[in-house]
Number of protein chains: 2
Amino acid sequence: MTITPNYRRIVDDIKQQIADGRLTPGDQLPTVAALCKQYGVSTTAVRNAMLLLRDQGIVEGHQGKGVFVKGA
Amino acid sequence: MTITPNYRRIVDDIKQQIADGRLTPGDQLPTVAALCKQYGVSTTAVRNAMLLLRDQGIVEGHQGKGVFVKGA
DNA sequence: CCACATTTGTCCGTATGTATC
DNA sequence: AGATACATACGGACAAATGTG
């Protein structure tokens, strides 16, 4: 069971980008469609990742605008 | 944001059942299919609820067995 | 104010893999 | 070998909010 699901890989990757400073509070993430292509996965995987990241208070999504890194 | 999505209603409801003592650590939750009928929603809503509850460490899912309330 | 495109949020159905019984 | 049940994944649909013209 050492396999890592796609949605968790995305979650971890975005968390890492924030930890590395490649993403800072207020930054906008790529659109869902862009992330699908970037990671080569379906909308569901990206959606699940966003669901967890939002639930953990790491990002904030706004309809019609995008997903943004939540400020501290 | 006065509306509450189905998956969050399920999350809150199960949390409430735990808080009320109607569900105690080790208890098995109804199957996904049963929860779908119980709440009148699709598998996706139930599965999203399980995704969040697992991520929050409230429940534990085991393939072939079921979903169980995690011990404190 | 209205129409339109963009983007996220939610939801539905289904298929496949894997673990348990 | 088969049934049960969760985990992951794919695809598509509609609503709501935003921005632009």
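Residue numbers start from 1 in every chain, and the chains themselves are labelled A, B, ... in the order their sequence lines are given, proteins ahead of strands.
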Atom pair distance, as rounded to whole Å: [atom1] in [X] and [atom2] in [N]:
| X | N | atom1 | atom2 | answer |
| --- | --- | --- | --- | --- |
| A/Y39 | D/dC10 | OH | P | 14 Å |
| B/L51 | D/dA9 | CG | P | 11 Å |
| B/I3 | D/dA17 | CD1 | C1' | 11 Å |
| B/F68 | D/dA7 | CZ | P | 11 Å |

Self-check item: pair B/I58-B/I14: side-chain heavy atoms closer than 4.5 Å
Solution: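 Contact flag for B/I58/B/I14 side chains = no.
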
Quiz prompt | Check: A/R8 and B/D55 side chains under 4.5 Å, non-hydrogen atoms | solution =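 SC-SC contact between B/D55 and A/R8 confirmed.
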
Practice problem: Please work out if B/N48 contacts a base, only the sugar-phosphate, or nothing of the nucleic acid, heavy-atom cut-off 4.0 Å. | Solution: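 Contact class for B/N48: none.
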
Practice problem: Can you see which heavy atom on B/A45 is nearest to which on B/N6, and at what distance? | Solution: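 Reported closest heavy-atom pair: CB-CB, 4.1 Å.
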
Exercise. Grab the two heavy atoms, one from A/P25 and one from A/K70, that are nearest each other, plus how far apart they are.
Key: CB-O, 4.0 Å

Self-check item: nucleotides 3-9 of chain C: protein proximity per nucleotide (B base, S sugar-phosphate only, - neither; heavy atom, under 4.0 Å)
Solution: ----BBS

Quiz prompt | Residue pair B/V67, B/R54: steps toward the side-chain contact (heavy atoms from CB on, under 4.5 Å) verdict | solution = CA-CA 9 Å; B/V67 179; B/R54 271 188 301 151; 5.8 Å; no

Quiz item: What distance do A/L29 atom CG and A/Q17 atom CD have between them, rounded to the nearest 0.5 Å?
Solution: 7.5 Å

